[in-house]
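Lettering of chains follows the sequences in order, A, B, ..., and the numbering in each one begins at 1. Scope of the values below: all heavy atoms of this structure, side chains included, with no hydrogens, waters or symmetry mates.
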Amino acid sequence: MSEVRVRIAPSPSGNLHIGTARTALFNYLFAKKNNGKFILRIEDTDAERTSQEYVDNIFDSLKALGLNWDEGPDVGGEYGPYTQSQRFDIYPKYIQKLLDEGFAYECFCTPEELEAEKEEASRNKKAYVYSKKCENLTEEEKAKLRAEGRKPAIRFNVAKAQKAFHDSSILEFDDLVKGKLHMDTNLIGDFVIMKSNGTPTYNYAVVIDDALMKISHVIRGEDHISNTYKQILIFEALGFEVPRFGHLGMILAPDRSKLSKRHGATAVSDFVEQGYLTEALVNFVALLGWSPSDGQEIKTIDEIAADFRINEISSSNSIFEYDKLKWMNSHYIKMLPKEVLREKLKKYLTKYDLSELTEEQYNRMIDITYEPLTLLSDITDAVAYFFGGDKVEIDEKAQAELETDLSQDVLKSFVEQAEGWEWTEENLHEKLEVFRGKFKEEKGYKPKFTMWAIRAAVTGRLCGADMVVTLAIIGKENSLKRAKAAIKTAMV
RNA sequence: AGCGGUAUCGUCUAGUGGUUAGGACGGGAGAUUCUCAUUCUCCAAACAGGGGUUCAAUUCCCCUUACCGCCGCCA
């Protein structure tokens, strides 16, 4: 087999969508597994809808995910340029060839005429197929139309191409993931390959680019299946080698609709912004359709690549379940090297004055708070009570707890005794153990409630990080002030 | 409407012509812990329906149903 060359060809009309990211990932995995090349091509033929901002976002997102490309707009390559808008001089040449050989013809139909055809089709409850009205226009007729100021679009002659290369009207191809797929080409209308403004359409540009870039396998979403028949015909008409195709099931939102903004994050950069790790994103998205042969779901991108077989991909759609992604994200957070984690978290702590803490205290704080995080951004709330000096916001549940006699009893003793304690983690650990042990013995207070009183007063909450370390970080003075404050307010 | 695709726990999936149909997330119960979380143990949960073929069908074939996609001078 000749060299494996696959590509991802996003259109920069938005930030890189998670679905596109999955398609990119599968292409990347396929390339890696087969020692092939992974190519990035930007499809920006529609100048209206595309922007540089989105191109940058696509680059950044792909890189963040670790999907590095071998050839592309920025790194170049043998078959560039890799941005369609820079390839506009390439497309007309092949159009001319198609025209000369009768595989394409000029169409002078106006939007109104076309609209009328479509309306009639829907009135008769029939599928719309272009009437081929312009197929056999004479030179005189064309000249006349041109004189009227009409600019022709170029249409591909489907039936002609089909007859030239196939015995029947049925076109078949062997899909890498779905197996044999077929379609009656009589149902495909002669489609436009060059717009009247001289720019190529998607179906045409894709073929030229894939052929010229020597793409061997086209792996993409199943929404492209029907385009595939058109594209195969163009490949054949132009005498290009037809690549192999593989169509992936779609990713759906939990309500089975298209994954859109209202379901939460959809762009890779949104996920990252919200505190998802790209490692988790890659791992999770790979599991949508693909499954590891050893049953071990947590895997690096390299491990997945080694185990990847395109024909074993599930060909059905899959639902994007945020729960599992979150679980996976929390797992990856725990796996992160501490230094890396501490740095990443700073981005979500900008509302606090980190200078209140020494570096050691900051590190300790992260050590005891990172475990329950599902998103990096959860850290913002998780460490709130470490800041604010001698004051802390008390939430409802903590307030209720503070008002119990037990809590007041505990706090009074705590404030009294702790005054004399040496405020180190080691010592606090020891002292508190004795402290709650005594309460248990003398008054039957469960350790849980003894600690809750202190926790509620000092952190304003009932759940949070390790109490000993928390006290040590907040410091003796502030901890005791907070504890005293809790006693006073409860007594008023 | 037409054409194409898909169908195993709620979700992602494994799997087989004969299995107690397996795992993961989520859910439930319990243990551990100063709380939350973690960790551990256990539990509930699926072969869409109907016909065939066969000694035997979740597995192969057909039909139905449901869902998804496509029918642009968008990509």
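- To the nearest whole angstrom, the two P atoms, one in U53(B) and one in C61(B), are 16 Å apart.
- If you check C73(B), U38(B), C34(B) against the side chain of Lys334(A), the one that comes closest is U38(B).
- Here C73(B) is the nucleotide among C73(B), A7(B), G5(B) with the atom lying nearest to any side-chain atom of Arg155(A).
- Of the listed nucleotides (C12(B), C3(B), G5(B)), C3(B) has the atom at the smallest distance from the side chain of Leu187(A).
- The phosphate of U35(B) (OP1 or OP2) has no side-chain N or O of Arg455(A) nearer than 4.0 angstrom.
- In this structure, Lys180(A) does not reach the G4(B) phosphate: none of its side-chain N or O atoms is under 4.0 Å from OP1 or OP2.
- Ala9(A) comes within 4.0 angstrom of no nucleic acid atom, judged by non-hydrogen atoms across all strands.
- Of the listed nucleotides (G23(B), G26(B), G4(B)), G23(B) has the atom at the smallest distance from the side chain of Glu297(A).
- Seen from the ring of Tyr130(A), Arg155(A) counts as a face-on cation partner, given the 6.0 Å and 45° thresholds.
- The nucleotide A75(B) finds no pairing partner, because no Watson-Crick or G-U wobble arrangement with both distances shorter than 3.5 Å includes it.
- Applying the Watson-Crick and G-U wobble criteria (two distances, each under 3.5 Å), C9(B) pairs with nothing in any strand.
- Base pairing of G26(B) is not made with any nucleotide, judged by Watson-Crick or G-U wobble geometry with both donor-acceptor distances under 3.5 Å.
- Among the atoms of the strands shown, only primed sugar atoms or phosphate atoms (P, OP1, OP2) are found under 4.0 Å from some heavy atom of Leu181(A).
- Taking atom C1' on both U32(B) and C36(B), the two are 14 Å apart, rounded to the nearest angstrom.
- The side chain of Ser291(A) lies closest to U13(B) when the candidates are C34(B), G5(B), U13(B).
- Backbone-only contact: Thr45(A) has heavy atoms under 4.0 Å from sugar-phosphate atoms and none from a base.
- Residue Thr201(A) is in sugar-phosphate contact alone, with no base atom involved, counting any heavy-atom pair closer than 4.0 Å across all strands shown.
- Contact check for Trp290(A) versus Pro292(A): side-chain heavy atoms found under the 4.5 Å cut-off.
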